[in-house]
Enquirer: 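My questions will all concern the structure given below.
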Amino acid sequence: MKRKLAVLLMTAMTASAFLTGCGNGADEAGNTTDNAADAADTNAEDTAAESTDKAESADEQTGDAQDASGEKTVLKAVCDLTPHSEILEAASDLLAAEGIELDIVSTTWDATWNDMLIDGEIDFAYFMHVPAMESIEEEMGATLYSMGGIHIEPYACFSDKYASKEELPENAVIAIPNDSSNEYRALKVLETEGFIKLNPDMTAIDASIQKIDEYLIPIEIVEMDQANIIPSAADFDAYFVNVNRALEASIDTTSYLMREGEDSEYANIITVTETNKDNESIKKLVEILQSDEIRQFITDHFNGAVIPAKN
């Protein structure tokens, strides 16, 4: 009997030890599962963070590439102050969107402008029309190119003394510029208005008062440097100047005595040399300056004194 009890007691103790051992194994299995889950979460987070870093790095590299490809092109130029620089300024945002920035070297004309263009110190000039360009080519032995007309400044005659051409006295003294292209324009207006008759062979290159065949109305014409005409205006009964010069001098450009019609062929152009005739940035500049937005600016801002050129 005692032996049976001993056997039963041993069996019970063994079962208890076995059950206790199973419990520890379960805990360890649970712990292992939890650890595996934690490890998986950690790895997932690490992987996500790594992916984010890589994405950010890729974005930065893309941004760097965009910065590199979006570098600005700087175009150097000379142009008259009014209206030329105002028109270029009005186009600045549109140009910036195309990565183009302008460096206007000078807005006060002098003879060095032609040299600067021909010698390549600037990329383009914005102050002349085609006859003036051709005259410069002949005088300086250069080859220039018009990239397109932007605006027209109808050539006009003003007076500080009289309100209309009909008020001009007999033998009125009228100042006109002595550079051939602008002198041609002034003489053509005087012919159209019935003051003179010109030699039909006169051109924009050889224009001068010697090409007047007949004075239909007695007047005295004085040829002089255009830069000196407005400062000397009080010495004359009337005078011819470019409208941009009149604007710069705060002359009421609607008070002209006579002027070219709006069909004038003397559009102010973007002028370049051989070096830049295929320059894509120059082509884009002209495209923007001839756009509807800039044409509207010219129409609204200058109240008819300056008009958009026909494209």
Side-chain angles (χ1 to χ4, degrees), residues 72-110 113-114 116-117 122-133 136 144-156 181-182 185 226-227 230 241-254 256 259-273 276-277 279-311:
K72 289 186 180 298
T73 297
V74 178
L75 298 176
K76 288 188 174 184
V78 292
C79 67
D80 284 321
L81 181 63
T82 301
H84 307 69
S85 68
E86 296 173 67
I87 293 171
L88 292 178
E89 175 61 28
S92 60
D93 288 345
L94 295 174
L95 291 169
E98 298 293 336
I100 300 171
E101 181 180 313
L102 300 182
D103 177 7
I104 299 177
V105 176
S106 175
T107 57
T108 304
W109 187 89
D110 61 54
W113 278 15
N114 298 333
M116 292 170 70
L117 177 62
I122 56 173
D123 298 302
F124 72 90
Y126 179 27
F127 68 91
M128 65 182 84
H129 44 62
V130 170
M133 182 185 76
I136 291 169
L144 301 176
Y145 298 84
S146 168
M147 299 298 285
I150 308 305
H151 75 272
I152 296 169
E153 303 161 19
Y155 214 73
S181 61
N182 284 323
R185 297 174 74 182
Q226 181 166 237
I230 292 177
V241 292
N242 280 320
V243 169
N244 68 301
R245 307 255 178 209
L247 289 168
E248 289 172 9
S250 299
I251 294 171
D252 179 2
T253 54
T254 65
Y256 58 86
R259 75 170 190 176
E260 291 174 325
E262 294 186 356
D263 57 349
S264 171
E265 61 185 294
Y266 291 90
N268 279 233
I269 59 176
I270 299 298
T271 313
V272 301
T273 61
N276 281 306
K277 71 183 182 67
N279 186 319
E280 292 300 323
S281 294
I282 297 285
K283 292 179 181 179
K284 178 59 67 173
L285 165 73
V286 173
E287 179 184 324
I288 288 172
L289 293 178
Q290 291 178 339
S291 67
D292 290 341
E293 185 171 342
I294 300 304
R295 289 174 64 84
Q296 192 63 50
F297 168 81
I298 293 171
T299 299
D300 295 342
H301 188 71
F302 298 106
N303 194 29
V306 179
I307 57 179
K310 294 179 180 178
N311 295 343

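Model, not experiment: these values are computed from the prediction. The first residue of the sequence shown is numbered 1, and numbering continues consecutively from there.
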Enquirer: How close do Met147 and Val286 get, heavy atom to heavy atom, and via which atoms?
Expert: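 Closest approach of Met147 to Val286, heavy atoms only: O-CG1, 3.4 Å.
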Enquirer: So, taking the atom named CG in Asp123 and the one named OG1 in Thr271, what distance separates them when rounded to the nearest 0.5 Å?
Expert: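 The OG1 atom of Thr271 is 13.0 Å from CG of Asp123, to the nearest 0.5 Å.
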Enquirer: On a heavy-atom basis, which atom in Tyr266 and which in Glu260 lie closest, and how many Å separate them?
Expert: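 It is CD1-OE2, 3.7 Å.
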Enquirer: As an exercise, state the distance from OG1 of Thr73 to NZ of Lys284, rounded to the nearest 0.5 Å.
Expert: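 The NZ atom of Lys284 is 12.0 Å from OG1 of Thr73, to the nearest 0.5 Å.
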Enquirer: Measure across Cys79 and Trp113 and return the closest heavy-atom pair with its distance rounded to 0.1 Å.
Expert: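 Cys79 and Trp113 have their closest heavy atoms at O-CH2, 3.2 Å.
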Enquirer: Look up atom CG in Asn242 and atom CG in Asn182, then write down how far apart they are to the nearest 0.5 Å.
Expert: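 Between Asn242 CG and Asn182 CG, I get 4.5 Å after rounding to 0.5 Å.
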Enquirer: Give every residue pair that meets the ring-ring contact (aromatic ring centres under 6.0 Å, His included) criterion with at least one member in residues 85-107, sequence neighbours excluded.
Expert: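 For residues 85-107: none.
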Enquirer: What distance separates Ile104 CD1 from Ile122 CD1, expressed to the nearest 0.5 Å?
Expert: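 Spacing of CD1 (Ile104) from CD1 (Ile122) equals 11.0 Å.
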Enquirer: Specify the closest pair of heavy atoms between Ile269 and His129, including all atoms of both residues, with the distance to one decimal.
Expert: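 Closest pair (atom of Ile269, atom of His129, distance): CD1-C, 3.9 Å.
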Enquirer: What closest approach, in Å, do Gln290 and Gly149 show between heavy atoms, and which atom pair accounts for it?
Expert: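 Closest approach of Gln290 to Gly149: NE2-O, 3.0 Å.
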Enquirer: side-chain contact (heavy atoms from CB on, under 4.5 Å) between Val78 and Leu117: does it pass, once the steps are laid out?
Expert: CA-CA 9 Å; Val78 292; Leu117 177 62; over 6 Å; no
Enquirer: With a 3.5 Å cut-off and sequence neighbours excluded, list the donor-acceptor pairs that the side chains of residues 88-98 form with protein atoms.
Expert:
unit_1, atom_1, unit_2, atom_2, d
Ser92, OG, Glu89, O, 2.8

Enquirer: So, taking the atom named CZ in Arg259 and the one named OG1 in Thr253, what distance separates them when rounded to the nearest 0.5 Å?
Expert: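 Arg259 CZ to Thr253 OG1: 8.0 Å, rounded to 0.5 Å.
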Enquirer: Sequence neighbours excluded and cut-off under 3.5 Å, please list the side-chain donor-acceptor pairs for residues 294-307, or say none.
Expert:
unit_1, atom_1, unit_2, atom_2, d
Arg295, NH1, Ala309, O, 2.5
Gln296, NE2, Asp300, OD1, 2.9
Gln296, NE2, Asp300, OD2, 3.2
Thr299, OG1, Arg295, O, 3.1
His301, NE2, Glu86, OE1, 3.0

Enquirer: How close do Ile282 and Val272 get, heavy atom to heavy atom, and via which atoms?
Expert: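 Nearest pair, atom of Ile282 first, then Val272: CG2-CG1, 4.1 Å.
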Enquirer: How far does CG of Asp80 sit from CD of Glu153, to the nearest 0.5 angstrom?
Expert: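 It comes to 7.0 Å.
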Enquirer: So, applying ring-ring contact (aromatic ring centres under 6.0 Å, His included) with His84, which one of Phe127, Phe124, Tyr126, Trp109 is it?
Expert: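 Running ring-ring contact (aromatic ring centres under 6.0 Å, His included) over Phe127, Phe124, Tyr126, Trp109 with His84 returns exactly one hit, Tyr126.
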